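First comes the structure, then the notes that go with it.
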There are 2 protein chains.
Amino acid sequence: MSKSTKVTIQDVARLAGVGVGTVSRVLNGHPNVSADAEASVRRAIEESGYRPVAAAQTLRSRRSNIIGFITDEIATSPHAGQIMRGAQETAWKGGKILFLVNTQWDPELERSAVETMIDRQVDGLIYATMFHRAATPPQAIRQIPSVLLDCFVEDASLASVVPNEADGGYQATTYLIEHGHRRIGYINHVEDIPAQRLRLQGYRSALEAHGIPFDAELVVERYSEPKGGYDGMMTLLNLPNPPSAVFCFNDRSAMGAYDAIRQRGLRIPQDIAVIGFDNQELIAANLYPGLTTMQLPHYEMGIWAVEYLLSELDAVGKDEAAAERSPPQVLLKCPLVVRDSV
Amino acid sequence: MSKSTKVTIQDVARLAGVGVGTVSRVLNGHPNVSADAEASVRRAIEESGYRPVAAAQTLRSRRSNIIGFITDEIATSPHAGQIMRGAQETAWKGGKILFLVNTQWDPELERSAVETMIDRQVDGLIYATMFHRAATPPQAIRQIPSVLLDCFVEDASLASVVPNEADGGYQATTYLIEHGHRRIGYINHVEDIPAQRLRLQGYRSALEAHGIPFDAELVVERYSEPKGGYDGMMTLLNLPNPPSAVFCFNDRSAMGAYDAIRQRGLRIPQDIAVIGFDNQELIAANLYPGLTTMQLPHYEMGIWAVEYLLSELDAVGKDEAAAERSPPQVLLKCPLVVRDSV
DNA sequence: CTGTTAGCGCTTTCAG
DNA sequence: CTGAAAGCGCTAACAG
C-alpha cells in the first residue's frame, strides 16, 4: 500500500502482532505455526504489500532458488528454444528461477560463467549444448548439483540427458519398412558425432529386425545441409537400382533431397518416400509435401534436467547414500512426426 | 587453495595485513588506495582463492549487477536468439549478467516475473517481444530502469527500440527499382501490425521517390506463410500485366512465392525477381536461388537495450535532469542481405 | 589513505 | 508453538 520506504519483515511482524521468527516461518512454510498466527501474518503481508528481499534470504539461508543455465549457443539456436521452455516451466513450478548465460563456445567465458553462478549460490547448474556431443564442462561445475543437457562426459561422472538417436534411426527406418519399402537409402551426416553414428546404427538394426540385408551402396555421407542432401540424393538416384525411400540425417538435408527428387521429375511420396530428422518446424512444416520426420526431445530434456536437479536438491541430507550412486545417463525418445512425405 | 570453509573478506584482510575496508575498496575499484595496499590485497585474493558472495554484496549495496530479461516467447523464437546474444554480450562487458524469464504470453506469469526480478533487485529490466508490436508491460516495470525491445507503449512513456520497418520497405523496394524494375508487386501480411503498415508505407515512398505511380492491383494481402505467399504470387502472376519483381512481407511468404513462380515455369531472378524480409537463415540461405532479403536488427537491438540501461544506471544521481527527459524511442535500420534472387 | 564499526533484511538457533 | 538474539558476508560511513 504505502509507497515510501521498503517494507521489511519487521514491519510485517509488528503489524501482525507477532515476532519476526513467526513471519519467517509462515514465509517458508514451516509447520508448527498456529492457524491464528498464520492468518494474521498473511493478512499483514497482504496489507503491507510486503515482498522479501531475495539477497537477504540467500545470504542467510545459503539458498538462492536460482538454477543456472549455461549453454554454448543454445539460446541462439533455432530448435533449442524448446529446451529453455521445458526447463523454465519446470523451474518455475518448483519455485526456482532460471539464470541464463550464453557462452558462445568461449571456454574462458564458460569458466567465468560457472564461477559467477557459484558466486551467486545457484542451487544447481544445467550445462547445455546445441547439439548432442561429448563435452568438457569446467571443473568447477562439480562443486554443486549439476546436469548435462544434450551432451555428456565420456566417463559418465556427471548426470546427463540426451536424445535416443539410435532408437530414432530405428523408428524412422521401421516406419519406411512398414510402408512397404525394402530398398531404403540413408543420407548420413559426414562428421563423426553421436547422432551420425547412432542414427546409422538404428537404421541398420531396423533393417536387420525386418530381415532386410544391409546394402552399403545405399548409405551415402554428406554434410547435412540442403546442398549435401541434394547431392546425396542424386547419387542414390543414379544407382542402377535406386531406393524407393530415403532416410535423411536431418530436415535440412531432406530439403536438398526434395530438390533432387523434383528435378528428376519424381513425386514425393509416390515415387520416393522421404523421412527426415529434427522436426525443424520452419523447414519440415513448410516443405511441400510436409516432411515426415523424427522430433528431438528438446522440451522433454529441459524438463528432465530441472526435475533431476530439483530431486537432487531435496535429497540433500535426507539420503546420503544417493550421492554415492553413479549419476544417471538418460536417453529420451524421439517421437515420429507424421506429415505427407512417406 | 584450501578447500574447507568459505574464504571471507576478513580472511583476505588478515592475509594482506589490512582492514576489510581496504579490501572492499580494491574489490570495487575505488580510488584512494595505496599501490602497496592494493598489491598485497590482490595477492591475498589470488592466494586464498577468494570470491565475494554476491548476496552479501547485493544486500549491502542494493545493486545486484543483474539485468532482468523478460520476454513473451523470444527465447523460443528462431530468429530472436540474436537479441539474446547482443544483450548478453553487452551485459557481460558492462560487468552485468542476464537473468532470463520466458513468460509464454501469460500475463499472470509476466507480472510475477517482473516482481521476482524486482525482489532480486535487478539493476534494470528489458521487456522484449517476439515480433514488433505495441505492448502493455506490467506496471511494476516502471519502478526501475527499463527498456522495451521490439515493442513499445503507445504513449512512449517507456524507452523503446524497434526495427525501422518503413525504411526497410523503402530499401527493399528501391533495390528492386535500381535493378530496373518498374512493376513491383508487394505481397503484404494481412493483419494490422506495425510491420504490415510500415513496410507498405516504405514500399509506397520508394515508388513515389522514383516517380513510379502506385498501382493498388500490385499489392495483395495474405497470411505471411508459404501458403499465403504461394497464393499471393499466383494472384499477381494472373494479372493481365504481371509484375517483374515482387517484394514479400517476409521470407516465409517468399518461400511460397518461389513455389508459385517455379510452378509457372518462370525463373528467379531472370523472369521474376524476389526480395524477402527477416533474413531467416534457415529459409533465406537454403532456398534456391538464395533469397535476397532485409535483415531485422535483432542483435543490434539487444546491444542497444543493454547499453541504454547501463547509461541510465550510471546517470543515477549524476544528472538528475536526465530522468525528466522523455524516454527515447529508437528505430534501428534493417540492412539488406544480398543473395541471388534479384 | 585506512581501520573500525554499524548495519543491509532475513533465517535460524535457543530458550521458553 | 513463539519471541529474542545472533549473525550470514559485505559495503559505506566515520574518524583518524
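Note on naming: letters A, B, ... go to the chains in the order of the sequence lines (proteins, then strands), and numbering restarts at 1 for each one. Note that the structure is predicted; figures quoted are calculated from it, not measured.
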Exercise. Taking CG from B:Leu27 and C1' from C:dT2, how many angstroms apart are they, rounded to a whole number?
Worked result: 16 Å

For this session: Indicate, with a heavy-atom threshold strictly under 4.0 Å, whether A:Ser34 touches base, sugar-phosphate, or nothing.
Result: sugar-phosphate

For this session: Please check if any side-chain donor atom of A:Arg85 sits under 3.5 Å from a side-chain acceptor atom of A:Gln82, or the reverse.
Result: yes

For this session: May I have the distance from B:Gln121 (atom CD) to D:dT11 (atom P), rounded to whole angstrom?
Result: 14 Å

Problem set entry | Nearest-nucleotide 5' precedence on DNA chain C, A:Thr8 against B:Gln10 | B:Gln10

For this session: Take atom CD1 of A:Ile9 and atom P of D:dA4, then tell me their distance rounded to the nearest Å.
Result: 14 Å

Problem set entry | Distance-only donor-acceptor test (3.5 Å): side chain A:Arg25, base D:dG3 | yes

For this session: Identify, between A:Ala37 and A:Val20, the residue whose nearest nucleotide on DNA chain D lies closer to the 5' end.
Result: A:Ala37

For this session: Decide yes or no, distance alone: a donor-acceptor N/O pair under 3.5 angstrom between the base of D:dG9 and the side-chain of A:Arg60.
Result: no

Problem set entry | Rounded distance (nearest 0.5 Å) linking atom CG of A:Leu158 with atom OG of A:Ser146 | 6.5 Å

Exercise. Whole-Å distance between D:dC10 P and A:Arg62 CZ?
Worked result: 10 Å

Problem set entry | Spacing of A:His30 atom NE2 relative to C:dT12 atom C1', expressed in whole Å | 9 Å

Exercise. If only side-chain N and O atoms of B:Thr22 are considered, is one of them under 4.0 Å from the OP1 or OP2 phosphate oxygen of C:dG3?
Worked result: yes

Exercise. Just by distance, do the side chain of A:Asp155 and the backbone of A:Ser157 share a donor-acceptor pair under 3.5 Å?
Worked result: yes

Exercise. Roughly how far, to the nearest 0.5 Å, is CG of B:Leu59 from CD of A:Gln57?
Worked result: 11.0 Å

Exercise. Any ion pair linking B:Arg63 and B:Asp123 (charged N to carboxylate O, less than 4.0 Å)?
Worked result: no

Problem set entry | Of the listed nucleotides D:dC10, C:dT11, D:dG3, the one nearest the side chain of B:Tyr50 | D:dC10

Problem set entry | B:Ser61 vs B:Gly19, nearer the 5' end of DNA chain C by closest nucleotide | B:Gly19

Seminar exercise, completed: Rounded to whole Å, the CD-C1' distance (A:Gln57 to C:dT12) equals 13 Å

For this session: Please determine if a side-chain N or O atom of A:Asn32 lies less than 4.0 Å away from the OP1 or OP2 oxygen of D:dT2.
Result: no

For this session: May I have the distance from B:Arg120 (atom CZ) to C:dC8 (atom P), rounded to whole angstrom?
Result: 21 Å

For this session: Measure from CG on B:Leu59 to C1' on D:dG7 and round the result to the nearest Å.
Result: 12 Å

